Structures are given as structure tokens and as C-alpha cells.
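Data block below; observations after.
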Amino acid sequence: MLLGTVLVLLLAGATPASAHAALRGTDPDDGSVVKRAPRHVTLTFTESVGLLDDSFRVFGPDQRRVHTGEATHADGRSDTARVGLPRKLAQGTYTVAWRVVSADSHPVSGAFSFSVGKRSATTSPIDTGPTEDPLTGGLNDAARYLAYLAGALLVGLAAFALLCRPADTSALRRPLVAAWWTLVGSTVVLLLLRAPYEAGTGPAAAFDAAALERTLTGRPGQALLARLAVLLLTAALLVWLSRRRDAGRRPLALAAGTALAAALALTWAAAEHASAGIQVPLAMTSSVLHLLATGVWLGGLVALLLTLRRSSRDGLADDRADGVADDMAAVVSRFSRIAFAAVTVLAVTGVYQSWRGLGSLSALSGTSYGRLLLAKLAGVIVLLLAARYSRRWTARIAAPATSVPRVAPATTVSRAAAVHKRVPQPVGAPAEGPDAGEPETPDKGTEEPPAGEGAQEPPAPGAGPDARRLLRRSVLVEVAVAAVVLMITTVLTGTLPARAQAEAARQAPAGALPPTTLVTVPYDTGTASVSGRGTVQVTLDPARVGENGIQAVVAGSDKGLTVVPEVRITFTLPSRKVGPIDAELVDRGGYWSTNSVNLPLAGNWTMKTTVRVSDLDQVSVERRVRIAP
């Protein structure tokens, strides 16, 4: 019931999409020249996006910001963003900077340009604002890591207490309470930082009432509110369990704890990569199972470490060493089986999520997401090796409790041997037993067992305190590596998946112009000095099929501008046997340029740059340039 309520609350309105929104098209087209000033700027994305108060910033030819209307969805479609423009716009080039929130809760941004009437004669870089405030981003990442860590500890500690059933759970109480408070605190911080994180502003914006209200009505904010509600129910369950310790309540506590843990994991899955992309229902289920298995294993390791330390102190402090050892052996044996099941779930769900995020094997090394995934895989392998070492000591600890029967201590046997079976004797009969000075014949039921028959066997090699100490060390290594793996996971969940990156590249706006291509061509200045090499910086704009503009700026060996008799640039497309096409550059007094070189086909062209440094000397250098459709 609880899990279904949280699922309906968080997934209302969610639609299958690609994790991280990709820009599908712009109106006006990027780089286009329109005769009349448009009334609106409209963006179309590959998935539904959330709008911000400052989703659009439009800058005019004078580099001043243009007053715009409120950002809305075009025609009620959630995958669009639109902003109104003033009725009269001056001629020239306009730059549009945009920022929206994709369905998986991560903000995405970009910029494009269009011109009214004609392009501006000269353009200079425009400061469109930061994509992310470093302080806000750092605080948000730290809070996300603490939330992951505290969530894993909370689930793992509680699962260890309920499933492994240690006799003494006092060592787990304080860490359990600390994990609960840490998760509550980090969730509140994430809730406050959500608005400045989406807008790319400083942390001070967290206290803006309007921004906080917008956060509370958005799906990421609702997921965080749902997490706080689940944590309150968890606190009530923990208090109830602390007051009722009878074993008959354990099945009910286990069922309630499982439901709360699943609901808690769902608050992450509903606001991360699993909530958008292909196979959303399956991805959500996989993400919840992955998070639960992570908590049961990694949080359980911390619980095991704390329990081992407590049992070691108890065994040395009093005469209950045998009872402590037996209980610890049973606990370790149970956790070993549970951990194996958790690792199996992690492996299956991890493979599925990796396939879903990567899309291809080449993305493993060719994208940031793939490289982070490889780093996480390396950490998990180290974790599994440490776990394998721990299982060796686990088996030795569990062996005495499962294969060696418990017998009475030697002192008990000797006392039992002194107990006689009293038989009535006539008055005056000689006394019976040791007092009579005769050797005692013990009863059959009380005689000492022969060596090797029922006597307590010595512990197996490596069992006992030494094995528990070695197990503590190996578990400590597992905990340290697990903390690093969780840190990589935190970064991974905020990184654009490789599949979405490839989709964004495939679904680039149809009318969009690729960015200007800048090529630096070195040439020999013809001087005898060692540093007698200059450069030609060639700018190809817009590097697409059709008319292109070229600017060539020549610098000498001293990096300063220099005058040369001639610069010539030709283009050849070897794969289609086209060219050479002469750009016919004109000396503009300091640089060479043209605005009318026509490149008719898309492909990898060979750009040959020839610099004549004197009447007799010249040098030619070839470079490959990509011309888009």
C-alpha cells in the first residue's frame, strides 16, 4: 500500500523519454537569417522539460539583454519551451541562451543565434551567464553523496538486525540513529538547494520563497518530500521495535521494514536516470532492487564490523566467551548467505543498468559516463575480492557452531562423577564410597568419556578470536572500498548517460548550424632562426553545405600579425572526386577573407592552405575539415 502510494505520487505524468533532454529543433533555426522579426522563440526537445523563471535570456546585436515574456510550453506540449519577443527588433544577430530541467531532474542548457534582416558585421563573445554555480554544485553533490551513504547505512543496519538476528544489537543503535538524522538533514539540504541548482545560481537563492514553492510543486521536490515522509514512518517503526522486543513481532517488523525500504529506494529511482529513457517500468524496478541490494550488502558490512567489535570486547570482558562465539558464528553465517544473494541482485541489475545507460561498447571508453562506469566496475571487483577473502574467515568462524556439538565443561563432568547412587544399607554395614577408603566405581551414566568420544574437540585452525580479528580487518577494507564506490556512483548518477549523448547527437536540430570551425595551420616563415615558424588561423563559418565564410589571420614567428604576399585556400572532397575549389581570398588589410565559397556536399573535406612568404618562397599545408549537411 505504502509503496503503491509513493509510486503514484512520484510517477504521475511521467512518460518514457531519453535521460537528459536533447534539443530537437529551434524556431527560428540556429544560424538562420529571417526577413521579419519573429514573435516567439520556440525550442523542441526529445522529452518533457520543466521551465524556470529564467529559462530564456535573449541578447541583441548591441549585446544587451532583450526584454522577453514568460517562458511557457508551446501549444501545451511538455516537450517544448517558448518565449515571446518584442514587436520590433533591430537588424542584426541575436543570441538565445536557454536552460530547462530534463525529466530525470538534471538541468540542461545551451545557446544558439539567429539574425533579423542580415547578420551583424562584427560579433564578440556574449556572457550568457554561468551554467552552474560552483558552490551550489559542490554543496549539492556533497548532500547527494551523504544521502546515498546514509540511505545505505539505514537500510543495511536495520536489515542486519532483523535478518541476521544478533543477540546484542546495542552496537547498532547509535549508528542507526546517526544514519537516520544524516539522511533527514541531507534531504532537507537537497530540497533547499534544488531551486538554485536548477537555475545555476548561488546558494543564497535557496531562501527565495517563490523558488522554494516552485521546487515543492515539481517532481524532484515531491520525491524529496516523499523521502522525508518515509523517514518519519521509519522513525515510528524503530521506536515501536525498541519498546517491543518479543520475537513474535519479528515477521510484522520485517514486512513493514521491507515496505519502507522499498519506498525509500523509490524516492531515488523516481528522480534519477531510471525515471526517463527506454523501458521505464523495468528500469524503475531494477533501480529499486539495485539500491536495496546495495544497502543490504554495504550497510550490512558496517553492521557486521560493529557487531564483531562488540562481540570481541564481550568475549574478553567476562566468562560468556563460548556463548558469544556461538552467537557470532550464527550471525556471520546468516550474513554470508544474505550478502551472497545481495551481490547476485547487484550483478543482474548492474548489468542491465549499464546496458541501458551505455547503448554501445564503444561508449565505455569514448564517453565520461563510460569511463566512470569502468571506474565503478574496478571498485566493485576490488570489493568482491575482499568479500571473497572475508568468506574464508566466515566459513571458519561458522564451522564450530555447525559441525561440533556442544558438551558440558570439564568441571561439570567431574562434579557429576562425584554424585553417587544412594542404596539403603543395614545398620552397622560398612560405609560405601570414598569415606570407606575403597576405590570408587562411578556409575555408567556419570563415568568420564574416553578420549575422542564426546569430548570437546579443539577449535578448527583459524577459528576463534584470531579468525574474528582477521574477519574484522577484511570487512574494514570492504567498507572503505564501498565508500569509494558510492562516491563514484554519486558522480555517475549526475552524468549524462552515453545512450542519451548519442541520441542528442543523432537528433540535433534539422536546421541547426554546426559551430564555427577554427583551424590553426603552421607554416615556415623562411627565416633562418630556429623559431622561424608562423601560423594561419582559418575560421570556417558555418562549416556546412552551401555558402561559407572564411577568415584567415596570418601571424609571424613572434606571434604578431604579419603581412604576406598571398594566402590561398582550396577545398577537395577525395571521396566524391570534387575539387579543388578555390576560396578566392581577398586581402582585407591585416587578414584574408571571403564570404562566398560554396561547398556543395557534406563530408570530410581536405583544406589546403598555401602561404607565399616571398616572391619565390611558399609553403602549403593540408588539414581535414568536416562539412555538415
Side-chain angles (χ1 to χ4, degrees), residues 10-28 30 38-59 65-86 94-112 114 128-133 136-137 140 190-202 205-206 208-225 270-273 275-277 494 496 500 504 507 509 512:
L10 297 181
L11 295 186
T15 56
S18 59
H20 282 56
L23 183 62
R24 187 191 299 273
T26 66
D27 183 19
D30 184 12
R39 296 296 305 276
H40 302 91
V41 170
T42 304
L43 307 180
T44 304
F45 297 90
T46 57
E47 66 174 52
S48 60
V49 294
L51 303 178
L52 308 172
D53 292 338
D54 205 24
S55 275
F56 287 94
R57 297 186 301 278
V58 182
F59 300 88
R65 186 166 177 176
V66 177
H67 178 72
T68 59
E70 182 181 359
T72 60
H73 292 295
D75 302 324
R77 294 171 50 192
S78 60
D79 62 345
T80 63
R82 170 176 287 181
V83 67
L85 298 176
Y94 290 79
T95 301
V96 180
W98 54 268
R99 186 180 182 89
V100 295
V101 181
S102 58
D104 63 353
S105 79
H106 296 290
V108 290
S109 59
F112 70 98
F114 67 92
T128 58
T131 58
E132 181 182 77
D133 182 81
T136 299
N140 187 77
L190 288 172
L191 194 62
L192 292 175
L193 288 178
R194 185 67 205 175
Y197 171 68
E198 290 179 348
T201 56
D208 181 11
L212 183 59
E213 181 181 359
R214 187 180 67 248
T215 296
L216 297 179
T217 56
R219 191 155 59 91
Q222 291 175 352
L224 294 173
L225 286 177
E272 297 289 353
H273 292 158
S275 63
L496 176 66
Q507 299 188 9

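Numbering of residues begins at 1 and proceeds along the displayed sequence. This structure is a prediction, so every number in the text was calculated from the model and none was measured.
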Practice task
Rounded to the nearest 0.5 Å, what's the gap from NE2 on H40 to CG on L85? Could you check?
Solution key: 8.0 Å
Exercise for the section: Indicate the atoms forming the closest heavy-atom contact of A205 with P196, along with that distance. Expected result: CB-CB, 4.1 Å
Practice task
Spell out, as yes or no, whether a donor-acceptor pair under 3.5 Å connects the side chain of R99 to the backbone of E198.
Solution key: yes
Practice task
May I ask you to test the L191-T215 pair for a side-chain heavy-atom distance under 4.5 Å?
Solution key: yes
Handout entry: S55: partners by side chain to side chain contact (heavy atoms under 4.5 Å, CB included), with sequence neighbours left out
Key = L51, L52, A71, V100
Completion exercise
In terms of heavy-atom contacts, R194 and V101 come closest through NH2-CG1, 3.9 Å
Practice task
Output all residues satisfying side-chain hydrogen bond (donor to acceptor under 3.5 Å, both in side chains) with N140, sequence neighbours left out; order by chain, then residue number.
Solution key: none
Handout entry: ring pair (Phe, Tyr, Trp, His ring centres under 6.0 Å) involving F56 - partner list, sequence neighbours excluded
Key = none
Practice task
Grab the two heavy atoms, one from H73 and one from S78, that are nearest each other, plus how far apart they are.
Solution key: CE1-O, 3.5 Å
Problem - Residues that F114 engages under ring pair (Phe, Tyr, Trp, His ring centres under 6.0 Å), provided they are two or more places apart - result: Y94
Handout entry: Under 3.5 Å donor-acceptor, T136 side chain and T201 backbone
Key = yes
Problem - Under the salt bridge (charged side-chain N to carboxylate O under 4.0 Å, His left out) test, residues paired with D79 that sit two or more places apart - result: R77
Handout entry: Partner residues of R82 under the salt bridge (charged side-chain N to carboxylate O under 4.0 Å, His left out) criterion, sequence neighbours left out
Key = none
Practice task
Kindly indicate whether the side chain of D75, heavy atoms from C-beta on, has any atom under 4.5 Å from the side chain of T80.
Solution key: no
Fill in the blank from the handout: Heavy-atom nearest pair, W98 first then A111, reads NE1-N, 3.6 Å
Practice task
Can you sort out the partners of T68 under side-chain hydrogen bond (donor to acceptor under 3.5 Å, both in side chains), two or more places apart, ordered by chain and number?
Solution key: none
Practice task
Mind listing the closest non-hydrogen atom pair of A81 and F45 along with its distance?
Solution key: CB-CE1, 4.1 Å
Handout entry: side-chain hydrogen bond (donor to acceptor under 3.5 Å, both in side chains) partners for D54, two or more places apart
Key = R65
